[in-house]
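Each remark here refers to the structure printed beneath this line.
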There are 2 protein chains.
Amino acid sequence: MPHLALLIRRLRSATQLGEDDIAAVRALPLQVKAVEPETPIALEGDRPHACCIIVNGFAYRSKLTESGKRQILSFHIPGDIPDLQSLVLKTMDHDLVTISAATLAFIDHADLSRLIDTHAAVARALWRETMVDAAMFRERILNLGVRSASARMAHLLVELRQRLAEVGLVEIDDKEYRFPITQSALADALGLSTVHVNRVLQEFRSQRVLDIRKNLVKLIDVEKVVAAGEFDPAYLHLIDNSRPG
Amino acid sequence: MPHLALLIRRLRSATQLGEDDIAAVRALPLQVKAVEPETPIALEGDRPHACCIIVNGFAYRSKLTESGKRQILSFHIPGDIPDLQSLVLKTMDHDLVTISAATLAFIDHADLSRLIDTHAAVARALWRETMVDAAMFRERILNLGVRSASARMAHLLVELRQRLAEVGLVEIDDKEYRFPITQSALADALGLSTVHVNRVLQEFRSQRVLDIRKNLVKLIDVEKVVAAGEFDPAYLHLIDNSRPG
DNA sequence: CGATTAATTGAAATGGTTCAAGTTATGTGG
DNA sequence: CCACATAACTTGAACCATTTCAATTAATCG
């Protein structure tokens with residue numbers, strides 16, 4: 001599979017791209033790299049000269065507090081460009097790190113800039129990506145601000161399944177998916193302690209709602225998980241632009 | 001003062017805009033409207049046909065939970081385009097409401113689209129706005145996920161002062177600023193109960209760190225507030241692009 | 001001036017944390 | 001492939017930051 005296949009698929013599903021746009025994206029010079037788990041792609045304060053597309057594997061964005069606590073801001077899956085912002089904002093305001101072993105494709109800022117300047121539709125599509133990114137952050141704020149520990153966990157796990165489905169990495173009504181997350185990472189993403197994550201998880205397990213075992217997330221009773229997380233995919237804006245403005 | 005003065009000031013401070021770009025922005029047809037406090041500008045599910053620039057007054061973005069709880073996602077000040085996303089994502093995934101009486105300038109999506117298509121630098125500047133927006137959401141996630149009630153409050157209040165200073169609405173080292181926020185709104189923004197906001201506020205007051213009274217936010221001891229909120233303005237990317245990429 | 005909204009208070013309850021230990025996996029070098 | 005080291009997960013008990021409930025007081029406004 002070509003390295004940019006998932007990205008292109010996502011961009012096309014959301015915006016109208018002409019054949020020349022697609023061709024220009026495909027023609028981007030890539031530097032492909034295989035990396036270990038827990039490899040920092042870019043760290044807070046860095047000024048990267050390239051953006052990274054996740055071809056294979058997973059990554060997370062995180063921020064550290066002065067007192068050393070880590071907040072995981074988002075998880076990223078194949079097809080994502082998690083550091084697109086470095087093209088425009090120059091300095092990283094958070095860390096980007098792989099979770100699993102991963103294949104990354106780097107596009108030089110210069111090349112990406114040129115593409116954007118010459119292909120307005122691509123620029124628009126990438127702007128849209130940034131906006132969906134922001135929308136997911138907003139939902140995460142809602143999660144942390146008003147929802148209980150169990151609701152947060154359920155929400156996050158359904159969102160991940162939804163996003164994996166979007167790029168075709170799970171069937172849309174598959175109940176389980178592979179995702180290499182530890183309870184401690186989950187805790188840092190949900191703003192909870194590992195101990196509590198463990199207990200919430202046990203409760204879900206015993207109620208036969210969901211389970212996480214060895215990198216395998218099982219939504220045993222999808223309806224219950226969706227309900228527990230109050231999950232409504234509207235904020236992912238999956239089909240938005242298919243309707244006229 | 002022209003309606004777009006603050007917006008243009010912000011865009012220029014961050015990106016290189018040519019005279020023709022500025023002129024094109026200034027030439028945008030505006031529909032200016034004065035509105036009451038608590039006026040919904042756009043609600044979740046709406047498909048607006050215009051974007052709104054805050055000329056005067058304040059607004060907030062919020063999201064409701066199924067169980068009726070409100071999370072305030074962000075506050076907005078003059079010069080902001082808080083619903084820029086409606087141009088690209090079409091459907092609102094949250095509410096946008098004025099706090100105070102406000103003056104709003106609406107730009108039709110069609111006009112804005114045309115501007116973007118013809119002026120790449122403006123497109124880039126607006127993309128940048130979206131990215132800073134996302135960066136502020138990330139910081140809010142950090143706030144809600146790892147910081148204590150008092151740290152959250154301090155952080156939010158310093159951020160607001162910083163942003164007001166950025167558009168020249170307060171002097172950079174002014175200790176106080178007008179902002180019409182109730183304790184209950186503050187609670188919804190910070191993911192706390194009103195009762196607790198009240199108590200945290202009293203503690204700050206008695207320690208002579210900060211105070212909020214009648215729409216006037218006083219950072220009595222700015223250093224202490226900054227320290228309490230672990231505030232580092234890097235995420236606002238104020239001067240980022242002045243350095244070479 | 002009465003009515004509504006915002007701020008304040010106290011007491012009891014709780015969701016989640018912390019600490020400290022133990023157990024189960026996972027991976028690695030010999 | 002076993003033995004050991006390390007990371008991940010699990011458990012119990014005490015604690016505490018924050019919530020909830022239910023009033024009361026203070027502002028604001030027509």
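Sequence lines set the chain letters: A, B, ... in the order given, protein chains first and strands last, and positions in each chain run from 1.
The shortest heavy-atom contact between Leu96(A) and Ala59(A) is CD1-CB, 4.1 Å. Minimum interatomic distance between Cys52(B) and Leu104(B) (heavy atoms only, all atoms of both residues): SG-CD2, 3.9 Å.
Terminal axes of the helix from dC1(C)-dG30(D) to dG30(C)-dC1(D) (five pairs each, C1' rotation axis) are separated by 50°, to the nearest 10°.
Looking only at distances, a side-chain donor or acceptor of Thr98(A) sits under 3.5 Å from a matching main-chain atom of Thr39(A). The backbone N or O of Glu44(B) lies less than 3.5 Å from a partner atom in the side chain of Asp95(B), making a donor-acceptor pair. Side chain of Ser100(A) to backbone of Phe58(A): a donor-acceptor contact under 3.5 angstrom is found.
At whole-Å resolution of the value, NE2 in His196(A) and P in dA17(D) are 17 Å apart. Residue Leu144(B) contributes atom CG, which lies 12 Å from atom P of dT18(D) at whole-angstrom precision. Rounded to an integer number of Å, the gap from CD1 of Ile212(B) to P of dT8(C) is 10 Å. Between Glu38(B) atom CD and dT4(C) atom P there is a gap of 18 Å when expressed in whole angstrom units. Between the P atom of dT14(C) and the CG atom of Leu192(A) lies a distance of 19 Å, rounded to the nearest Å. One can place CZ of Arg152(A) at 13 Å from P of dG15(C), the figure rounded to the nearest angstrom. Summarising the geometry, the separation between CG on Asp188(B) and P on dT5(C) is reported as 16 Å, rounded to the nearest angstrom. Straight-line distance from the CZ atom of Arg147(A) to the P atom of dG15(C): 18 Å, rounded to whole Å.
Applying the salt bridge (charged side-chain N to carboxylate O under 4.0 Å, His left out) rule to pairs touching residues 144-163 of chain B yields Asp80(B)-Arg163(B), Glu139(B)-Arg147(B), Arg140(B)-Glu159(B), Arg147(B)-Glu230(B), Glu159(B)-Arg163(B), sequence neighbours excluded.
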Name the pairs: protein N/O against N/O of nucleotides 6-10 of chain D, kept only if under 3.5 Å.
| unit_1 | atom_1 | unit_2 | atom_2 | d |
| --- | --- | --- | --- | --- |
| dC9(D) | OP2 | Gln183(A) | N | 2.7 |
| dT10(D) | OP1 | Arg205(A) | NH1 | 3.1 |
| dT10(D) | OP2 | Gln183(A) | NE2 | 2.5 |
| dT10(D) | OP2 | Asn198(A) | ND2 | 2.5 |
| dT10(D) | O5' | Asn198(A) | ND2 | 3.1 |

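In summary, Lys218(A) and Asp211(A) do not engage in a salt bridge, as defined by a charged side-chain N under 4.0 Å from a carboxylate O.
A donor-acceptor contact under 3.5 Å is not formed by the side chain of Arg199(A) with the base of dG15(C).
Aromatic ring centroids of Phe137(B) and His94(B) lie 6.0 Å or more apart.
Judged by a 6.0 Å distance limit and a 45° cone about the ring axis, Arg70(B) is positioned over the six-membered ring of Tyr60(B).
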